[in-house]
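Residue numbers begin at 1 in each chain, while the letters A, B, ... track the order of the sequences. Computed over heavy atoms, backbone and side chain alike; hydrogens, waters and symmetry mates excluded. Here the structure is a predicted model, which is why all the values come from computation and not from measurement.
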Protein chains: 2
Amino acid sequence: MSRAPQKRKIETHDRLLTAARSLSDLNGYDALRMEEVALKAGVAKGTVFSHFADKDRLLSALIGADLHAALDQMEQAAPTDPRSLADAHEPLFQVAARDRVSFDIILRYSGAALETDLGPITQSFGRHMEIVAGWLSTWGDAVRKDIDLELQAEGVQAFMVQVIALNFCALHSSTEITDRFETYLSAWLTPAR
Amino acid sequence: MSRAPQKRKIETHDRLLTAARSLSDLNGYDALRMEEVALKAGVAKGTVFSHFADKDRLLSALIGADLHAALDQMEQAAPTDPRSLADAHEPLFQVAARDRVSFDIILRYSGAALETDLGPITQSFGRHMEIVAGWLSTWGDAVRKDIDLELQAEGVQAFMVQVIALNFCALHSSTEITDRFETYLSAWLTPAR
DNA sequence: TAGTAAAAATGACCATGGTCAATTTAACAG
DNA sequence: CTGTTAAATTGACCATGGTCATTTTTACTA
């Protein structure tokens, strides 16, 4: 028989996340070492890997939290056109541009919205889609009507990933990201004239 | 003064690529070991890293070649609508779906089309864009006219990345990829009604 | 309270990507 | 042919992510 997780496990899990967070705040995700996390959490190295299957999962937990925080901030906005929709994504772009590692991890899980086994990044992409769909549903005639809401939101996500990727490969500033994003969004969302 | 690369270097480079290719054909990119490549090429491990800065670069060379071959095949087609455009991408999807590693590497360099220092993957994305733009330019009224050709091609690429990502995260078959791609392409390219 | 079975934690150990000071080889000048 | 310099190669070495048999702790039962 399998039993419920012990209180100890939950505490250790929290300590690990806290340790990883403070270390990554200090030196960025790139410099994060699993052994340091263990040390800081007062735990053996093997324990880290019994909580997070690999480094990617630990990073996903951290970056997923970053994304959720960014989405919280995003939700304050109420964009009504492509320009303000692009601007509303600023917090997300901040997270994605923080680190090469953030970029890699986010990109890798970017399309995971349909996955059954939801990781934290995947989850935040799902949430992002709901937020965007919610906004678009209030736009009335300002948005095209020939494709359904879900498809529209998926497209927004595709272009979001695109501009994030472009940002990292060339050396674009953050404002250039939103400008570029706005161009895509206008072309994608604007109704036929 | 710096001198031109010696003949020896070029030969070694070729041997390394050949070795890596045959090993990856055998067991996939995932199981490729740098030391095995060195061994097979009859060279010390350090030599591999003097030719390819890191494993990613070596993989990029291989996968970049895969992509170019796929593009060669793609160029045989002459799609005239979203459906056939999606179908024409089949060879590319094959390459991208070969391996988790291919997916990761391709995705990471997907947005690199604007980069100055062109890697092989980046290059193939540039070439892809030219091909698509060339095709679209012959579509006449079958394609929207409110945005320019370049932007259209960029969008095609964004959706291509999206469906590749979706494919790996959920368990979609290859036909489902092209179907999904076609949906996006219709919505993106079809002129206003 | 003692017994016990599963969960949790441990840390020595391994695999592999990557580094670099030292060595060998190629190419050219005189 | 000999000497000289930079290019090319070498392989011992390191860093770090990840494994797993063993040990310790927890929570439950009689």
Enquirer: If you measure from the Lys or Arg side-chain nitrogens to the Asp or Glu carboxylate oxygens, is any gap between B:Asp30 and B:Arg98 under 4.0 Å?
Expert: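 Salt bridge flag = no for B:Arg98 with B:Asp30.
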Enquirer: Assign the ring pair A:His128 / A:His89 to parallel, tilted or perpendicular, where the plane angle (0 to 90°) is split at 30° and 60°.
Expert: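 The arrangement is perpendicular - the two ring planes meet at more than 60°.
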Enquirer: Of the candidate nucleotides C:dG17, C:dA9, C:dT10, which contains the atom at the shortest distance from the side chain of A:Ala44?
Expert: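 Among the listed nucleotides, the one closest to the side chain of A:Ala44 is C:dT10.
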Enquirer: Verify the neighbour count for atom CD of B:Glu35: are there more than 12 heavy atoms of other residues, nucleotides or ligands below 6.0 Å?
Expert: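 It does not: B:Glu35 CD has 12 such atoms or fewer within range.
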Enquirer: Give a yes or no on whether B:Asp25 atom CG has more than 12 heavy-atom contacts from other residues, nucleotides or ligands under 6.0 Å away.
Expert: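 Counting other residues, nucleotides and ligands, CG of B:Asp25 exceeds 12 neighbours.
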Enquirer: Under 4.0 Å between a side-chain N or O of A:His51 and OP1 or OP2 of C:dA8?
Expert: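 A:His51 to C:dA8 OP1/OP2: no side-chain N or O under 4.0 Å.
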Enquirer: What is the distance, to the nearest angstrom, from the CZ atom on B:Phe52 to the P atom on D:dA8?
Expert: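 Rounded to the whole Å, the gap is 14 Å.
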Enquirer: Tell me whether the side-chain N/O atoms of B:His13 come closer than 4.0 Å to OP1 or OP2 in D:dA8.
Expert: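 The answer is no; no side-chain N or O of B:His13 sits under 4.0 Å from OP1 or OP2.
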Enquirer: From CG of A:Asn27 over to C1' of D:dT16, roughly how many Å is that when rounded to an integer?
Expert: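 Taking atom C1' of D:dT16 as the reference, CG of A:Asn27 is at 16 Å.
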Enquirer: If you measure from the Lys or Arg side-chain nitrogens to the Asp or Glu carboxylate oxygens, is any gap between A:Asp14 and A:Lys9 under 4.0 Å?
Expert: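 Salt bridge between A:Asp14 and A:Lys9, a charged N being under 4.0 Å from a carboxylate O: no.
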Enquirer: OP1 or OP2 of C:dG17 versus the side-chain N and O atoms of B:Lys55: is any pair under 4.0 Å?
Expert: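 Affirmative; the distance criterion is met.
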Enquirer: May I have the distance from A:Ile10 (atom CD1) to C:dA9 (atom C1'), rounded to whole angstrom?
Expert: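 These atoms are roughly 16 Å apart.
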Enquirer: Whole angstrom is fine here: how far is it from CG in B:Asp30 over to P in C:dT16?
Expert: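 B:Asp30 atom CG is separated from C:dT16 atom P by 11 Å.
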Enquirer: For A:Thr12 and C:dA8, is the shortest distance between a side-chain N/O and OP1 or OP2 below 4.0 Å?
Expert: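 No, because none of the side-chain N or O atoms of A:Thr12 sits under 4.0 Å from OP1 or OP2 of C:dA8.
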Enquirer: Between A:Asp81 and A:Arg83, does at least one N-O distance fall below 4.0 Å, as a salt bridge requires?
Expert: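 No, this pair does not count.
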Enquirer: In whole Å, I'd like the distance from the CD atom of B:Glu35 to the P atom of D:dA12.
Expert: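 After rounding, the reported distance stands at 11 Å.
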Enquirer: What does nucleotides 19-29 of chain D look like as a protein-contact string, B for base, S for sugar-phosphate only, - for none, at under 4.0 angstrom between heavy atoms?
Expert: B-----BSS--
Enquirer: Side chain of B:Arg33, heavy atoms from C-beta onward: which of D:dG18, D:dT9, C:dG17 has the nearest atom to it?
Expert: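 Closest nucleotide to the B:Arg33 side chain: C:dG17.
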Enquirer: Using whole Å, report how far CG of A:Leu58 lies from C1' of D:dG18.
Expert: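 Going from A:Leu58 (CG) to D:dG18 (C1'), I get 13 Å.
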Enquirer: Mind telling me whether A:Phe181 and A:Phe93 have parallel, tilted or perpendicular rings, with 30° and 60° as the class edges?
Expert: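 Ring orientation, 0 to 90° scale: perpendicular.
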Enquirer: To the nearest Å, how far apart are B:Glu11 CD and C:dT25 P?
Expert: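 One finds 15 Å between P of C:dT25 and CD of B:Glu11, rounded.
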Enquirer: Please report, rounded to the nearest Å, how far the P atom of D:dG17 is from the CZ atom of A:Arg57.
Expert: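 Distance, rounded to whole Å: 16 Å.
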Enquirer: With a 4.0 Å cutoff (strictly under), does any side-chain N or O of A:Lys9 reach OP1 or OP2 of C:dA7?
Expert: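 Indeed not, no polar side-chain atom of A:Lys9 lies that close.
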